[in-house]
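In this text the structure is predicted, and so the values were computed from the model without any measurement.
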Amino acid sequence: RLIRPSKGGRPSKNSLSVLVDFVAAAYVSATGKNYRRKWDGDNLPFHQILELLFEVLGIDASTDEAIRRQRNARHTQINK
């Protein structure tokens with residue numbers, strides 16, 4: 001049950017990082033493969049999954065940027 005109606009557009013950076021964290025954990029657990037940011041011409045399954053989720057949830061954000069933020073946040077927490 002939703003507590004409040006969802007809003008379209010870009011969610012907060014923290015909410016987006018949490019979503020990417022959950023999807024990344026599920027992806028790595030299911031495939032045994034690591035994920036990375038996308039380069040020109042790459043067709044990466046992890047990006048395809050995130051792009052589909054963003055589309056279905058109405059999130060207007062770059063998947064590559066969301067991955068970059070999530071990985072940087074995780075790296076910062078490890079170094080603290």
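The distance from the CD atom of Glu65 to the CG atom of Leu16 is 9.5 Å, given to the nearest 0.5 Å. Atom CD1 in Ile67 sits 11.5 Å away from atom CG in Asp21 (nearest 0.5 Å). The distance from the CG atom of Leu53 to the CZ atom of Phe22 is 13.0 Å, given to the nearest 0.5 Å. With rounding to the nearest 0.5 Å, the separation of CG in Asp64 from CD in Glu51 is 9.5 Å. Between the NZ atom in Lys33 and the CG atom in Leu44 there is a gap of 10.0 Å [rounded to 0.5 Å]. Once rounded to the nearest 0.5 Å, the distance linking NE2 of His47 with OG1 of Thr63 reads 5.5 Å.
Applying the side-chain contact (heavy atoms from CB on, under 4.5 Å) rule to Leu52 yields the partners Val56; only residues at least two apart in sequence or on another chain are considered.
In this structure, Tyr27 has its ring center under 6.0 Å from that of Phe46.
Cluster annotation: Leu50 and Val28 are assigned to the same hydrophobic cluster (Ile/Leu/Val/Met/Phe/Trp/Tyr, side-chain heavy-atom contacts under 4.5 Å, transitive).
Under the ring pair (Phe, Tyr, Trp, His ring centres under 6.0 Å) criterion, no residue pair touches residues 49-71, with sequence neighbours excluded.
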